[in-house]
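The next block holds one structure in the form of structure tokens; read it before the comments.
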Amino acid sequence: PRLLGTAKCASLSSNWYQQHKNHENVGQNSFGKYALLAAAGAVIVSSEDPEQQAGQYVEGLPTFTAKDVMLRDGSDLDNKESPASRVWISYKEGVYDVTEFVAQHPGGEKILIGAGGPIEPFWALYAVHKKTYVYDLLAQYRIGNLAKADIVVEDSDDPYANDPTRHPVFNINNPRPFNAEPPLNILADNFITPNDLFYVRNHHPVPDIDPDDYELQIEGVGFEEPVVLTLSDLQGMKQSTVTAAIQCAGNRRADMLQHKPVRGMNWGGAAISNATWTGPRLSEVLQHLGWSEDKYPEVKHVWADGLDYGPDGTSYGASILIEKAMDPRQDVILALKMNGEELPRDHGYPVRLVAPGVVGARNVKWVGSLTLSEEESHSHWQRRDYKGFNPSIDWHNVDFDNKYAVSIQNQPVTSMVCDPLDGGSVQIVDNKIHLKGYAFSGAGAKIIRVDITLDGGETWHTAELEQDDSSLNRCWAWSLWQCDVPLPEGSASGDEVKVTCCAIDSNYNRQPEKVKNIWNLRGCLSNSWHSINVKLK
């Protein structure tokens with residue numbers, strides 16, 4: 001590969017390094033300016049794999065040792081006189097000052113777990129970083145080369161080597177941690193989604209838990225000492241079964257991306273699935289231990305923490321409201337079975353918190369502890385993610401701690417056309433076309449109608465619904481729909497038509513028409529009318 005402008009930038013970098021070789025008194029603005037200049041010299045023009053290009057040695061840039069990097073770990077960000085007021089990292093042969101980027105990082109302060117050292121171990125866990133645009137972004141913060149003696153050889157131990165085998169039909173959004181959805185055009189074929197086709201949303205490697213060693217710790221307000229329950233204890237309690245759909249907060253994020261960029265995986269419309277879940281009700285487990293809301297009215301939340309761990313040693317965690325947890329008619333269970341079978345590892349074996357009607361992010365898998373608390377979980381994913389904002393809020397002005405930035409619990413009404421696919425074709429039969437899809441609403445609201453239009457909303461047709469026999473306000477399952485829709489007058493084979501669906505739930509909430517009015521910086525809660533274009537045949 002060849003380098004563009006290396007000599008000029010190397011000279012600037014070298015001069016700067018000589019002036020500021022101790023790095024204790026470098027102002028934030030001047031550092032950023034020279035770092036960007038150095039980065040420009042590291043732009044590589046090549047047909048090689050971007051992953052191979054990133055972090056290569058750049059002739060003429062200053063050399064730093066691992067100790068230089070280690071001293072700048074961001075542990076003293078407010079003290080501009082300290083080396084630790086900067087955040088440096090290394091990647092392969094490159095050294096980078098990412099201080100300016102820390103506040104913008106979508107993972108928040110989690111970026112600091114790699115500060116002051118090589119980021120290879122953390123990118124092995126979070127392979128979502130291994131994308132061309134991330135390498136390009138990293139290059140902007142390049143300031144030098146790592147001393148050859150300190151270059152890290154990536155550990156061959158793969159933290160994902162023990163992940164379960166998945167069905168090859170999945171559309172994979174991210175391989176590590178594994179995040180995938182089934183093909184949209186088969187999603188509505190089964191009211192109960194087969195375990196092997198249920199969408200997967202993981203945040204860490206999948207833990208391999210020995211059922212004989214499993215323990216669930218319950219603590220917090222009302223417990224002087226933590227109570228420990230084994231898997232056998234949970235299996236010996238009264239078992240309840242509930243049919244519930246679980247939907248990722250980012251389902252249909254791809255629709256928002258068409259309007260404006262968002263940060264998050266590019267989920268299509270199949271990050272939702274429907275299953276039967278069996279296990280003891282959480283309310284009955286707590287009552288069995290002598291705990292009640294009457295005794296401890298100050299408790300407002302139940303935290304759930306998983307046994308899946310990230311590189312910083314913390315596990316995935318979230319919380320649900322106490323009124324959801326303790327009302328037996330809200331059907332919150334500690335699921336031990338899925339569709340009558342032992343929970344698959346990808347879906348939380350041996351125990352998953354299933355909170356029907358609540359966003360998937362709160363349905364914590366591999367639950368290892370429950371905490372009764374006066375406040376919501378302090379987990380990053382509860383307080384710094386999975387929140388909704390108005391379309392004028394972006395990463396430059398977002399405040400996750402704003403009192404109006406409420407953590408997502410229940411989800412809004414949504415629907416999708418699953419078959420045919422956008423851009424596909426559909427057979428004309430008796431001047432009609434056959435369409436099918438799903439609809440769902442959170443908080444137990446049942447779908448009461450799905451309307452279909454082929455003319456932009458001038459004329460609507462009502463679909464037939466496949467549903468369970470739940471009541472209007474205690475329905476946790478999705479509804480499947482299908483409709484034979486009459487074609488507009490004059491339609492013929494070879495024409496293209498726009499198909500749009502819109503669902504209405506038992507609270508008479510209706511999907512919003514346009515995505516632009518609900519766009520948010522994380523691409524959550526995407527539920528506008530769903531439209532596809534199909535060719536008639």
Side-chain angles (χ1 to χ4, degrees), residues 98 100-111 123 126-138 140 171-181 184 199-203 246-272 316 318 359-362 379-402 404-416 422 440 442 511-532:
V98 296
E100 268 53 83
F101 180 63
V102 170
Q104 305 172 43
H105 186 251
E109 293 182 356
K110 279 187 172 289
I111 192 175
W123 281 15
Y126 296 110
V128 68
H129 293 93
K130 296 184 177 182
K131 302 288 176 64
T132 299
Y133 76 89
V134 177
Y135 295 127
D136 291 343
L137 180 63
L138 183 65
Q140 296 177 36
N171 295 319
I172 299 174
N173 287 317
N174 192 62
R176 302 178 176 200
F178 190 77
N179 290 275
E181 56 191 310
L184 186 62
Y199 88 96
V200 179
R201 173 64 171 112
N202 292 336
H203 293 82
I246 294 180
Q247 178 178 225
C248 179
N251 192 35
R252 297 187 58 195
R253 181 176 285 135
D255 293 351
M256 286 194 176
L257 277 165
Q258 292 178 14
H259 172 67
K260 185 180 173 182
V262 299
R263 290 185 186 173
M265 279 177 288
N266 188 20
W267 291 106
I272 179 174
Y316 182 84
V359 66
R362 315 300 175 213
S379 164
H380 165 82
W381 294 279
Q382 185 77 26
R383 299 211 176 193
R384 311 295 297 176
D385 202 350
Y386 300 122
K387 293 185 175 185
F389 298 89
N390 75 50
S392 295
I393 300 297
D394 213 330
W395 291 98
H396 70 282
N397 62 349
V398 66
D399 178 7
F400 280 94
D401 297 321
N402 186 293
Y404 299 113
V406 178
S407 301
I408 298 169
Q409 292 287 339
N410 298 323
Q411 293 178 291
V413 61
T414 191
S415 67
M416 286 281 290
D422 187 30
F440 176 70
Q511 291 176 250
E513 179 179 356
K514 298 182 183 298
V515 72
K516 72 175 185 179
N517 297 323
I518 57 170
W519 181 95
N520 59 86
L521 76 173
R522 281 289 281 116
C524 294
L525 308 176
S526 181
N527 75 321
S528 60
W529 292 1
H530 182 236
S531 297
I532 63 170

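Numbers here are sequence positions counted from 1.
In terms of modelled atom types and a separation under 3.5 Å, the side chain of Asn520 and the main chain of Asn390 share no donor-acceptor contact. The backbone N or O of His259 sits nowhere less than 3.5 Å from a side-chain atom of Lys516 that would complete a donor-acceptor pair. Under a 3.5 Å cut-off, the side chain of Arg252 and the backbone N or O of Gly268 do not form any donor-acceptor pair. The backbone N or O of Asn527 sits less than 3.5 Å from a side-chain atom of Gln511, completing a donor-acceptor pair.
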(request) Step by step, work out the side chain to side chain contact (heavy atoms under 4.5 Å, CB included) result for Met265 and Arg201. (result) CA-CA 10 Å; Met265 279 177 288; Arg201 173 64 171 112; 3.4 Å; yes
(request) Show your working on side chain to side chain contact (heavy atoms under 4.5 Å, CB included) between Met256 and Ile518 and close with a plain yes or no. (result) CA-CA 8 Å; Met256 286 194 176; Ile518 57 170; 4.1 Å; yes
(message) Apply side chain to side chain contact (heavy atoms under 4.5 Å, CB included) to residues Cys248 and Arg253 and explain how you reach the verdict.
(response) CA-CA 10 Å; Cys248 179; Arg253 181 176 285 135; 5.9 Å; no
(request) With side chain to side chain contact (heavy atoms under 4.5 Å, CB included) as the test, would you mind laying out the steps for His380 and Asp385 before giving the verdict? (result) CA-CA 7 Å; His380 165 82; Asp385 202 350; 4.2 Å; yes
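Partners of Asp401 under the side-chain hydrogen bond (donor to acceptor under 3.5 Å, both in side chains) rule, at least two apart in sequence or in another chain, are Arg384. Legend: residues meeting side-chain contact (heavy atoms from CB on, under 4.5 Å) with Leu137, ordered by chain and number and at least two apart, are Phe101, Gln140, Tyr141. Not counting sequence neighbours, the partners of Ala361 by the side-chain contact (heavy atoms from CB on, under 4.5 Å) test are Tyr316, Val359, Tyr386. Here Ser528 pairs with nothing under the side-chain hydrogen bond (donor to acceptor under 3.5 Å, both in side chains) rule; sequence neighbours left out. Residues passing the salt bridge (charged side-chain N to carboxylate O under 4.0 Å, His left out) test with Asp394 are Lys260, sequence neighbours excluded. Scored by the side-chain contact (heavy atoms from CB on, under 4.5 Å) test, Asn251 finds Gln247, Ala271, Ile272, Tyr438 as partners (sequence neighbours excluded).
Nearest heavy atoms, Ile408 versus Cys524: CD1-CB, 3.9 Å. When all heavy atoms of Val262 and Trp519 are compared, the pair lying nearest together is CG1-NE1, 3.1 Å. The minimum heavy-atom distance between Ser526 and Thr414, with the atom names listed, is O-OG1, 4.0 Å. Taking both residues in full, the closest heavy atoms of Asn266 and Leu257 are given as OD1-CD1, 3.1 Å, listed atom of the first, atom of the second, then distance. Closest non-hydrogen pair, Phe389 versus Ala405, comes out as CE2-CB, 3.6 Å. What you find for Ala180 and Ile172 is that their closest heavy atoms are CB-CA, 3.9 Å.
The distance from atom CH2 of Trp381 to atom OG of Ser407, rounded to the nearest 0.5 Å, is 14.0 Å. Atoms CG and CH2, from Asn174 and Trp267 in turn, are 9.0 Å apart once rounded to the nearest 0.5 Å. The distance from atom CZ of Arg522 to atom CD1 of Ile393, rounded to the nearest 0.5 Å, is 15.5 Å.
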